[in-house]
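These notes are about the structure you will find just below.
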Amino acid sequence: MLTSIRLSPEFEHRLDDLLAMTGRSRAEYLRQFVERGLEDLEDYYLAAEVLERIRPGEESVVSAENF
């Protein structure tokens, strides 16, 4: 899938510095950033859903001591 994004000048400069240091392609790093960012967002929203069930007591919690 081809996607276009607009980067801030600061981010673009940092990315260009990284490319110069490593010799890797812009596409390679952007793909890696998106994949890792997606994983982080999925983890965040899963945790938020669980927290919403814990607050009213719909989800059980194990203390660190019992774990």
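In this text, all values refer to a predicted model and were calculated from it rather than measured experimentally.
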* To do: Report the distance from atom NE2 of His13 to atom CD of Glu10, rounding to the nearest 0.5 Å.
  => 9.0 Å

* Asked: Taking atom CZ of Phe33 and atom CD1 of Ile5, what is their separation to the nearest 0.5 Å?
  -> 9.5 Å

* Asked: Got a sec: does the CZ of Arg14 have more than 12 other heavy atoms crowding it under 6.0 Å?
  -> no

* Close side-chain approach of Asp40 to Tyr44, heavy-atom, < 4.5 Å -> no

* Any chain of hydrophobic side-chain contacts (each under 4.5 Å) joining Val50 to Val61? -> yes

* Flag yes if more than 12 heavy atoms outside Glu58 fall under 6.0 Å of its CD atom; otherwise flag no. => yes

* To do: Please round to the nearest 0.5 Å and tell me the distance separating atom CG of Asp43 and atom CG of Leu38.
  => 9.5 Å

Which atom pairs, donor and acceptor, lie under 3.5 Å between side-chain atoms of residues 20-31 and protein residues at least two apart or in another chain?
from, atom 1, to, atom 2, distance (Å)
Thr22, OG1, Leu18, O, 2.9
Thr22, OG1, Arg24, N, 3.3
Thr22, OG1, Tyr29, OH, 3.0
Ser25, OG, Glu28, N, 3.0
Arg26, NH2, Asp16, OD1, 2.4

* To do: Please list, chain by chain and in numerical order, all residues satisfying salt bridge (Lys or Arg N to Asp or Glu O under 4.0 Å) with Arg36, sequence neighbours excluded.
  => none

* Asked: With the 4.5 Å side-chain cut-off for hydrophobic clustering, are Leu19 and Phe11 part of the same group?
  -> yes

